[in-house]
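We name chains A, B, ... by the order of the sequence lines, and we start the count at 1 in each one.
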Amino acid sequence: MRVEPAFEQGARGRIFRIRFEPEAGSVRGCVLCVPAFGEEMNKSRHVVAAAARDLAAAGFVVEVADLYGCGDSEGSLADATIEGWLEDLATQARRLADRSSAAVHLIGLRAGGLLATALAARLGDSAGDLVLWQPVARGRQVLTDFLRLRAAAGLFASGAARETADGLRERLRAGECLEVAGYPLGPELASGLEGLSLVEIFPGARNVRWIEIARAASGEPTPAVRKVVDAWRGRGARVAVEPLHGPPFWSAAELEDCPGLGPRTVARLEGAVP
Amino acid sequence: MATDTTLGQVRRILGEALGIPERAAGYGSDTALLGAIPEFDSMAVVTVLTMVEEHFDVEISDDEVDAETFATLGALADFVEAKIAA
């Protein structure tokens, strides 16, 4: 298994990506993994890398890229847009597809699940399976989570000066760029996020694996998951929802591992959804 | 089944958010949360709010919550119940 970091040209700047390659022998397929956003990306980075290594050991070429304005990629988050991100991801998928004749499988973690689904819809037949790791169903939720990083301090306070997530959202809508936990959040990205919703994106005719990660599994999909999956199945999508035992590593206070994620994903990729 | 009720689901969310799944399994509607459970700090409040929103597909505005909302598991479950019904 080889790990190869590189910068590749994106639409507006160079994108940092890491490619995990099987050591030798035939390549089983290619996988593009879309990371989480913001602090969730930071906390989950090592888990995604570990899962990517598991996939590579199983014969997949895996690429994980930092989105424009995020991580080690060029650009400022203030200039990032959803459309720009999807364009870069599509370019990355095409480059991966050039390496093998097979369709590129897509994996998305949290907000990355929203992007991966939008990407799957965009790529059509040139994308293979779609695997969603605890996806966030609504971009609005991603934005609220992010804004709460700044508004949390005033949650139980009162008075006109108190900042709320709703108040910050209004300022973004008015065109203001906000600093949140050190990140410059631009109004265009905020508005793009608000427009993304899993229930409104049809992933297409492919196998979709939705993995919900919890320490104590209930065995039942949540009402929110059911809403999206029912809508997708209603349009003919093949979706399997399953629980995986593990911590909420994208949000936990201390960095946590999720050793089951890689093996479970390997087992599911390229297997038909009943 | 107890786990299917709103209280049961909120109890499980609490366990996930605070990292105490076994302890939370024993919580009842009278169990005091904010100020009583050491893990229930301001960060935990945000995590619980977010997990509740994502689990039930509801939106909770900062103006809707106060300390009373998180006084007990029962209070929190009642709040969530009202959000779902709205």
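- With chain A as partner, the option from Met51(B), Glu59(B), His55(B) having the largest number of non-hydrogen pairs under 4.5 angstrom is His55(B).
- The distance from the CD atom of Glu54(B) to the CZ atom of Arg138(A) is 11.5 Å, given to the nearest 0.5 Å.
- Nearest heavy-atom pair, Phe56(B) versus Pro223(A), reported as atom, atom and distance to 0.1 Å: CD2-CG, 4.1 Å.
- Between the CD atom of Glu64(B) and the OG1 atom of Thr164(A) there is a distance of 11.5 Å, given to the nearest 0.5 Å.
- Here the closest non-hydrogen pair linking Asp62(B) and Ala165(A) is OD2-N, 2.8 Å.
- Among Gly19(B), Ala24(B), Ala17(B), the residue with the largest count of heavy-atom pairs under 4.5 Å with chain A is Gly19(B).
- Heavy atoms closer than 4.5 Å to chain A are found nowhere in Glu22(B), neither backbone nor side chain.
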Inset, instruction - Check the pair Glu53(B) / Thr144(A) against side chain to side chain contact (heavy atoms under 4.5 Å, CB included), numbers first and verdict last. - result: CA-CA 10 Å; Glu53(B) 286 181 318; Thr144(A) 302; 4.2 Å; yes
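- Using a 4.5 Å heavy-atom cutoff, the side chains of Leu49(B) and Arg148(A) are in contact.
- Contact annotation for Ile13(B): neither backbone nor side-chain heavy atoms come within less than 4.5 Å of a heavy atom of chain A.
- Environment of CD in Glu242(A): crowded, with over 12 heavy atoms of neighbouring residues, nucleotides or ligands closer than 6.0 Å.
- Heavy atoms of other residues, nucleotides or ligands lying less than 6.0 angstrom from CD of Glu254(A) number 12 at most.
- For Thr50(B), the parts lying under 4.5 angstrom from a heavy atom of chain A are both the backbone and the side chain.
- Between Arg215(A) and Gly15(B), the shortest heavy-atom contact is NE-O, 4.4 Å.
- By the 6.0 Å contact criterion, CD on Glu39(A) is enclosed, its count of non-hydrogen atoms from other residues, nucleotides or ligands being greater than 12.
- With chain B as the partner, the residue from Arg226(A), Glu256(A), Arg110(A) showing the most heavy-atom pairs under 4.5 Å is Arg110(A).
- Remark: Ser218(A) OG to Arg11(B) CZ distance equals 12.5 Å, nearest 0.5 Å.
- Residue Ile60(B) touches chain A through both its backbone and its side chain, counting heavy-atom pairs closer than 4.5 Å.
- Residue Pro247(A) does not touch chain B at all, counting heavy-atom pairs closer than 4.5 Å.
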